[in-house]
Amino acid sequence: MSWQAYVDNNLIGTTKVTQAAILGKAGGIWAKSSGITISPEEQKAITAGLKNKAVFEASGFRIAGQKYFFVTSDTYGNDQDLIVVQGKKQTDGAVLVQTKQAILVVTYVAPQTAQDAGVIATNLGSYLASVGY
């Protein structure tokens with residue numbers, strides 16, 4: 001399956017997220033939904049925050065020019081490389097999921113929920129991690 005198919009089918013296709021992208025941990029956008037633009041500066045800041053949670057705790061993060069306040073960050077299951085971060089902007093929000101090689105970025109707009117978006121993004125991240133990504 002192509003990276004774009006993961007975005008189109010496994011993230012946007014669920015209708016639980018509004019926008020999505022898959023970034024490479026080493027840089028670059030592997031795939032994205034229409035309407036989302038993640039600048040190189042935002043990519044660098046997201047990568048830095050995933051390495052050091054204090055960065056997100058102090059100032060949140062930006063996706064497509066929108067600022068999200070840090071809510072929570074945790075590892076998932078037994079995989080210390082699989083990190084899930086939740087951010088909030090009023091009733092809307094974002095989820096970042098870091099795997100060994102990729103970073104999933106999803107946003108949601110109410111009535112979509114943090115729980116649904118988090119489950120969708122974390123499940124795909126867990127799968128990608130299990131196959132080496």
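The structure presented is a predicted model; accordingly, all values stated were derived computationally and were not measured.
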Trainee: For K100, is there any backbone N or O sitting under 3.5 Å from a side-chain donor or acceptor partner on K25?
Mentor: yes
Trainee: Take L96 and I63, measure what side chain to side chain contact (heavy atoms under 4.5 Å, CB included) needs, and give me the verdict at the end.
Mentor: CA-CA 10 Å; L96 307 173; I63 299 172; 4.0 Å; yes
Trainee: Tell me if a side-chain donor or acceptor on S126 pairs with a main-chain N or O of N123 at a distance below 3.5 Å.
Mentor: no
Trainee: Which heavy atom of L50 sits nearest a heavy atom of Q98, and at what distance?
Mentor: CB-OE1, 3.3 Å
Trainee: Between atom CD1 of I38 and atom CG of L23, what is the distance when rounded to the nearest 0.5 Å?
Mentor: 5.0 Å
Trainee: Shortest non-hydrogen contact from A64 to I36?
Mentor: CB-CG1, 4.2 Å
Trainee: Can you tell me how the ring of W30 sits relative to the ring of Y133, calling it parallel under 30°, perpendicular over 60° and tilted otherwise?
Mentor: perpendicular
Trainee: Do the ring planes of F56 and F70 sit parallel (below 30°), tilted (30 to 60°) or perpendicular (above 60°)?
Mentor: parallel
Trainee: Just by modelled atom types, is the A31 backbone N or O under 3.5 Å from a matching donor or acceptor in the Q4 side chain?
Mentor: no
Trainee: Hey, is the main chain of A110 close enough, under 3.5 Å, to the side chain of T91 for a donor-acceptor pair?
Mentor: no
Trainee: In sequence, state the C-alpha distance, the side-chain angles, and the governing distance for L104 and Y6, and then conclude on side chain to side chain contact (heavy atoms under 4.5 Å, CB included).
Mentor: CA-CA 10 Å; L104 308 181; Y6 284 119; over 6 Å; no
Trainee: State whether the side chain of K67 and the backbone N or O of S59 hold a donor-acceptor pair below 3.5 Å, judged by distance alone.
Mentor: yes
Trainee: Where the side chain of Q19 meets the backbone of G35, is there a donor-acceptor pair that is under 3.5 Å apart?
Mentor: yes
Trainee: Please examine the side chains of W3 and L128, heavy atoms only from C-beta on, and report whether any two atoms are closer than 4.5 Å.
Mentor: yes
Trainee: Using side chain to side chain contact (heavy atoms under 4.5 Å, CB included), reason through D92 and V109 one step at a time and then give a plain yes or no.
Mentor: CA-CA 5 Å; D92 305 333; V109 176; 3.5 Å; yes
Trainee: Applying side chain to side chain contact (heavy atoms under 4.5 Å, CB included) to I12 and V17, what does each step give before you reach the verdict?
Mentor: CA-CA 6 Å; I12 299 297; V17 302; 4.0 Å; yes
Trainee: I want to check something: taking the side chain as every heavy atom from C-beta on, are I103 and Q43 in contact at a cut-off of under 4.5 Å?
Mentor: no
Trainee: State, to 0.1 Å, how close T122 and V97 come at their nearest heavy-atom pair, and which atoms those are.
Mentor: N-CG2, 4.0 Å
